[in-house]
Amino acid sequence: MSLVDELVVAMSVWPEVEAITLGGSRAAGNNDKKSDHDVYVYVTATVPTERRRRLLDKYCGHMEIDNDFWETEDDCTLNDGVGIDILYRDLDRFSNNVADVVERFHANNGYTTCMWHNMLTSRILFDRDGRYAAARQRFDVPFPEALRRNIISRNMRLLTGNLPSYDKQIRTAASRGDKIAVNHRVAAFMESYFDVLFALNRRTHPGEKRLGRIAERDCAILPEDFRANLDTLFDSMYADQKTFSETLSRIVDNLRQTVDNRL
């Protein structure tokens with residue numbers, strides 16, 4: 001039995017825990033030797049910090065308990081040297097957030113369908129009363145066309161064509177030589193770019209890692225020169241402002257043309 005398996009068995013007896021899942025690259029089969037374990041613990045009440053600390057101390061060489069930068073989580077390094085992130089969630093609240101997207105068709109500024117993707121692709125390790133499995137079955141539906149259109153409409157407007165659009169902000173920052181602002185807005189640009197791309201293909205968004213590789217593998221619809229333009233954009237971002245600006249325009253134009261042809 002692996003260290004993770006032993007941890008799951010130990011946590012599953014806690015009365016607050018109703019489900020435990022494994023997500024991320026290890027659940028999807030995209031992991032490599034550097035990949036952490038992403039473990040999601042669905043609870044009905046807060047698990048006491050000291051109880052968590054005592055358990056994790058048996059399995060981890062380094063522990064950071066109660067990090068709350070994004071969700072409540074314990075971030076640790078297992079005794080075998082592999083990282084583990086244990087996130088604690090309320091299943092009803094999480095399901096409602098997924099319902100906002102899947103059933104009420106709410107689009108975000110990038111990453112719209114990530115939590116839906118997480119629910120569908122996580123591997124169930126423990127499910128006391130079957131509530132997690134029932135929630136997953138509820139949301140295991142074809143990609144809603146209204147959601148698809150909302151994601152594309154919102155994020156295309158963020159990419160280009162409006163006063164606050166990212167391409168305008170990027171060019172303004174580049175003209176000032178403000179590399180920090182360029183980096184900040186290019187990251188946001190990519191969030192919306194891939195949100196459009198995965199929605200166009202009726203694919204849930206897999207998260208922030210390996211997006212180019214996953215898109216090439218899973219998306220039948222890709223803009224012209226998809227990989228070449230991304231490579232050129234990042235290669236020229238701080239080295240050649242003219243090439244950078246021209247490539248940004250090509251990326252936007254090719255995506256718009258792809259959307260117009262397929263939507």
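Since the structure is predicted, the reported quantities are computational estimates derived from the model, not experimental observations. Residue numbers count from 1 along this sequence.
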Salt bridge Asp195-Arg154, side-chain N to carboxylate O under 4.0 Å: no
Checking His184 now: which residues fulfil side-chain contact (heavy atoms from CB on, under 4.5 Å) with it, not counting sequence neighbours? none
Check the angle between the aromatic planes of His205 and Tyr111 and answer parallel, tilted or perpendicular using the 30° and 60° thresholds. tilted
Donor-acceptor pair between His117 and Thr204 side chains, under 3.5 angstrom: yes
Does Asp253 come within less than 4.0 Å of Arg256, counting only side-chain N to carboxylate O? yes
Looking at residues at least two apart in the chain, or sitting in another chain, which of them share a side-chain hydrogen bond (donor to acceptor under 3.5 Å, both in side chains) with Asp225? none
Hey, is Arg52 close enough to Glu73 for a salt bridge, meaning N to O under 4.0 Å? no
For atom CZ of Arg227, decide whether the heavy atoms of other residues, nucleotides or ligands shown that lie under 6.0 angstrom number more than 12. yes
Qualifying residues under side-chain hydrogen bond (donor to acceptor under 3.5 Å, both in side chains), relative to Glu224, sequence neighbours excluded: none
ILVMFWY cluster membership beyond Phe69 - transitive side-chain contacts under 4.5 angstrom: Trp70
Could you check whether Asn229 and Thr247, counting side-chain N and O atoms only, form a donor-acceptor pair closer than 3.5 Å? no
Determine, step by step, whether Glu216 and Arg210 satisfy the salt bridge (charged side-chain N to carboxylate O under 4.0 Å, His left out) criterion, reporting the C-alpha distance in whole Å, the side-chain angles of both residues, the deciding distance to 0.1 Å, and the verdict. CA-CA 10 Å; Glu216 288 174 320; Arg210 305 180 181 91; over 6 Å; no
Using a 3.5 Å cut-off and no angle test, enumerate the donor-acceptor pairs between side-chain atoms of residues 133-146 and protein atoms at least two apart in sequence or in another chain.
residue : atom : partner : partner atom : Å
Arg136  : NH1  : Ser122  : O            : 2.4
Arg138  : NE   : Glu103  : OE2          : 3.0
Arg138  : NH2  : Glu103  : OE1          : 2.8
Glu145  : OE1  : Arg148  : NH1          : 3.4
Glu145  : OE1  : Arg202  : NH2          : 3.2
Glu145  : OE2  : Arg148  : NH1          : 3.1
Glu145  : OE2  : Arg149  : NE           : 3.1

Spell out, yes or no, whether Phe198 and Tyr166 are grouped together once hydrophobic residues are joined by side-chain heavy atoms under 4.5 Å, including indirect joins. yes
Do Arg128 and Tyr42 meet the cation-pi criteria used here (NZ or CZ under 6.0 Å from the six-membered ring centre, within 45° of the axis)? no
By the definition side chain to side chain contact (heavy atoms under 4.5 Å, CB included), identify the one residue from Leu197, Leu255, Val259 that meets it with Ile152. Val259
Hey, what do you get for CZ (Phe94) to CG (Leu87), rounding to the nearest 0.5 Å? 10.0 Å
Taken to the nearest 0.5 Å, the spacing of Gln241 CD from Ser236 OG works out to 10.0 Å
List for me each residue that meets side-chain contact (heavy atoms from CB on, under 4.5 Å) alongside Val101, sequence neighbours excluded, and say none if there are none. Thr112, Thr113, Leu147
Consider side chain to side chain donor-acceptor pair (under 3.5 Å). Of Asn118, Thr21, Asp85, which one does Tyr40 pass it with? Asn118
Nearest 0.5 Å, please: how far is CG in Leu78 from CD in Glu6? 10.5 Å
To the nearest 0.5 Å, what is the distance between CZ on Arg250 and OG on Ser245? 10.0 Å
Run the salt-bridge test on Asp74 and Arg53 with the 4.0 Å N-O cut-off and return the result as yes or no. no
Test item: side-chain donor near acceptor, Arg171 and Ser249, under 3.5 Å: yes
